[in-house]
Amino acid sequence: MTLTRDASALLVIDMQNGFLDAKGSMAAIGMPADQLQPSIAGTQRLIESARAAGVPVIFTRYQYMPGYADGGILPNELVPAMREADALVTGTWDAEVADVVAPREGEVIIDKARPSSFYGTQLEPVLTSLGVRNLVLCGVTTNICVETTARDAGQRDYRVHVISDACAEYEQARHEHALNTIGFTFGWVNTVDEVVQAWHP
């Protein structure tokens with residue numbers, strides 16, 4: 001599948017303080033931010049390229065209501081340390097998109113309480129309104145929110161491109177496994193250079 005800027009959008013997934021900053025909640029529960037920080041430089045390049053090419057940039061934030069009423073089993077049962085650390089609570093610094101990739105005024109931010117950017121959100125109506133059929137995905141983490149979003153997008157017949165050097169995971173093996181799975185069934189795996197070249201021929 002050839003990359004194109006036509007009918008395309010860049011989806012920047014969960015590039016938040018809680019994940020990327022050493023003072024964030026994920027680091028506080030033993031998931032080191034430095035493992036995810038390699039995603040920053042590639043994501044910055046993609047955002048700059050998209051804006052210059054007129055490709056819409058859409059951001060997601062993984063966040064929960066205070067008290068985790070919308071949390072489900074992840075923070076309430078599987079990883080209760082998230083609750084103890086007040087992880088990703090709506091309206092806190094922890095849940096905000098990191099300044100290094102900050103949205104511009106007017107760019108869409110989709111808030112979600114599950115790994116998929118589609119589940120229980122307004123993402124699909126936004127994409128429909130923008131006429132988007134091609135999605136370029138970057139962000140964190142490769143094996144959880146990026147892969148889950150890629151799977152859901154692929155099943156909705158979006159053409160999905162996951163950008164290998166603009167994503168990151170806490171374990172390299174999981175990063176590579178996720179990319180292999182996506183490229184096998186749900187879309188295409190590309191590099192930042194390939195996207196930039198396609199958007200600025």
Side-chain angles (χ1 to χ4, degrees), residues 10-47 57-64 71-75 78-83 85-89 92-101 103 109-121 123 135-154 160-192:
L10 174 65
L11 188 61
V12 180
I13 298 174
D14 300 356
M15 295 290 281
Q16 296 162 257
N17 293 318
F19 294 107
L20 298 178
D21 197 290
K23 299 186 294 292
S25 60
M26 294 297 104
I29 65 172
M31 300 182 183
D34 62 353
Q35 297 298 310
L36 302 186
Q37 289 169 357
S39 64
I40 294 172
T43 296
Q44 288 173 323
R45 284 189 64 203
L46 289 174
I47 292 171
V57 183
I58 301 171
F59 296 80
T60 72
R61 293 185 297 203
Y62 200 145
Q63 58 181 22
Y64 297 110
I73 65 170
L74 178 58
L78 291 172
V79 190
M82 292 178 68
R83 283 186 62 118
D86 293 323
L88 306 175
V89 173
T92 65
W93 168 87
D94 198 61
E96 289 304 312
V97 177
D99 287 343
V100 289
V101 293
I109 301 173
I110 299 291
D111 293 325
K112 62 192 185 71
R114 295 294 185 277
S116 174
S117 300
F118 287 91
Y119 183 85
T121 77
L123 178 58
L135 280 174
V136 174
L137 273 54
C138 62
V140 297
T141 68
T142 319
N143 190 214
I144 306 300
C145 294
V146 175
E147 182 179 353
T148 305
T149 297
R151 286 171 177 260
D152 276 2
V160 180
H161 297 268
V162 175
I163 312 309
S164 59
D165 50 346
C167 297
E169 183 53 75
Y170 291 111
E171 298 174 8
Q172 186 63 22
R174 285 172 49 204
H175 173 77
E176 294 172 0
H177 177 74
L179 294 176
N180 288 338
T181 299
I182 291 163
F184 184 69
T185 304
F186 297 103
W188 293 266
V189 177
N190 298 100
T191 65
V192 173

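Quick caveat, the model's predicted, so the values are computed rather than measured. Side-chain atoms are counted along with the backbone in the values below, which use heavy atoms only and exclude waters and symmetry mates.
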Atom [atom1] in [X], atom [atom2] in [Y]: separation rounded to 0.5 Å?
| X | Y | atom1 | atom2 | value |
| --- | --- | --- | --- | --- |
| L11 | I58 | CG | CD1 | 6.0 Å |
| T92 | Q16 | OG1 | CD | 9.0 Å |
| R83 | D86 | CZ | CG | 9.0 Å |
| L88 | K112 | CG | NZ | 9.5 Å |

Donor-acceptor under 3.5 Å ([X] side chain, [Y] main chain):
| X | Y | answer |
| --- | --- | --- |
| S164 | N190 | yes |
| T149 | S117 | yes |
| D94 | S25 | yes |
| T60 | D14 | yes |
| E147 | L179 | no |

Is any side-chain heavy atom of [Y] closer than 4.5 Å to one of [X]?
| X | Y | result |
| --- | --- | --- |
| C138 | L10 | yes |
| Y119 | T148 | no |
| Q35 | Q172 | no |
| L36 | M31 | no |

Salt bridge (Lys or Arg N to Asp or Glu O under 4.0 Å) contacts in which one or both residues fall within residues 164-173, not counting sequence neighbours: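 Counting only pairs at least two positions apart or across chains, the salt bridge (Lys or Arg N to Asp or Glu O under 4.0 Å) contacts touching residues 164-173 are E169-R174.
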Sequence-distant partners of Y62, ring-ring contact (aromatic ring centres under 6.0 Å, His included), two or more places apart: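 Per chain and number, Y62 pairs via ring-ring contact (aromatic ring centres under 6.0 Å, His included) with Y64.
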Taking every non-hydrogen atom, the tightest pair across [X] and [Y]:
| X | Y | value |
| --- | --- | --- |
| Q63 | A95 | OE1-CB, 3.7 Å |
| A22 | A33 | N-CB, 3.8 Å |
| L135 | A153 | CD1-CB, 3.9 Å |
| C145 | I13 | CB-CG2, 3.8 Å |
| M82 | P75 | CB-CB, 4.1 Å |
| R45 | V192 | NH1-CG1, 3.5 Å |

More than 12 heavy atoms from other groups under 6.0 Å of CG on D99: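 At most 12 heavy atoms, drawn from other residues, nucleotides or ligands, come within 6.0 Å of this atom.
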Test side chain to side chain contact (heavy atoms under 4.5 Å, CB included) applied to L137 and L46, V162, V12, the passing residue: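 The passing option is V162.
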From T142, T141, N180, residue fulfilling side-chain hydrogen bond (donor to acceptor under 3.5 Å, both in side chains) relative to H175: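 The side-chain hydrogen bond (donor to acceptor under 3.5 Å, both in side chains) with H175 is passed solely by T142 among T142, T141, N180.
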